[in-house]
Amino acid sequence: MNHYYVYYRVADNDHETETQVRAMQARLACRSGITGQLLKRRDDPHTWMEIYDNVADSKHFELHLARAVSEFDVDMFLARDACRSVECFTRDEAAHAMPSCTTD
């Protein structure tokens, strides 16, 4: 499974910006079946992160994400000269499958 982390700086940490991003995430969830989280950096509330976990079909998800971001014009809420940075991580299944320690 893949896990997506999208981070960016918003121009205004206000209700309108958050409403637009959450509406985009709702549309994305309807289309892709993946529900996202929206986080704000603790020491800098203008830095936001969207998290999308357990994505099985990356190609399908990335197409739906790009479409939703475009439809909701999310980029217009970004800080000047900012962009959305998308990172994708996957679990190392070999490390995850290692047996746990036992005590005798």
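In the hydrophobic clustering of this structure, L63 does not group with V86; members are Ile, Leu, Val, Met, Phe, Trp, Tyr whose side-chain heavy atoms approach within less than 4.5 Å, directly or through other members. Linking Ile, Leu, Val, Met, Phe, Trp and Tyr residues whenever their side-chain heavy atoms come within less than 4.5 Å places V6 and W48 in a single cluster.
The nearest pair of heavy atoms linking D12 to T17 is O-OG1, 3.1 Å. Scanning all heavy atoms of the two residues, the minimum distance from L78 to C83 falls at CD1-CA, 3.8 Å. Among all heavy-atom pairs drawn from Q25 and Q37, the shortest one is NE2-O, 3.2 Å. Nearest heavy-atom pair, R9 versus A82, reported as atom, atom and distance to 0.1 Å: O-CB, 3.8 Å. Of all heavy-atom pairs spanning M24 and V69, the tightest one is CG-N, 3.9 Å. When all heavy atoms are compared, the tightest approach of C88 to N2 is SG-CB, 3.6 Å.
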*Run the numbers on T47 and K40 for side chain to side chain contact (heavy atoms under 4.5 Å, CB included), then give the verdict.*
CA-CA 6 Å; T47 300; K40 298 176 185 179; over 6 Å; no

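Using a 4.5 Å heavy-atom cutoff, the side chains of V55 and M1 are not in contact. The shortest side-chain heavy-atom distance between F61 and I34 falls under the 4.5 Å cut-off. Counting heavy atoms from C-beta outward, D75 and R84 have side chains that approach closer than 4.5 Å. Here the side chains of Y7 and L39 are not in contact, with every heavy-atom distance at 4.5 Å or above. Using a 4.5 Å heavy-atom cutoff, the side chains of L65 and Y52 are in contact.
Ring geometry, Y5 versus F89: the interplanar angle exceeds 60°, so the pair is classed perpendicular (tilted spans 30 to 60°).
Ion pair K59/D57 not flagged as a salt bridge, since none of the NZ, NE, NH1 or NH2 atoms sits closer than 4.0 Å to an Asp/Glu carboxylate oxygen.
The distance from atom NE2 of H3 to atom CZ of R91, rounded to the nearest 0.5 Å, is 5.5 Å. The structure places CD of E18 at 5.5 Å from CG of L38, a figure rounded to the nearest 0.5 Å.
Evaluated for a side chain to side chain donor-acceptor pair (under 3.5 Å) with Y4, the options E50, E87, E62 yield exactly one hit, E62.
Looking only at atom types and distance, the side chain of N13 has no donor-acceptor partner in the side chain of H46 under 3.5 Å away.
Between the side chain of Q20 and the backbone N or O of F72 there is at least one donor-acceptor pair closer than 3.5 Å.
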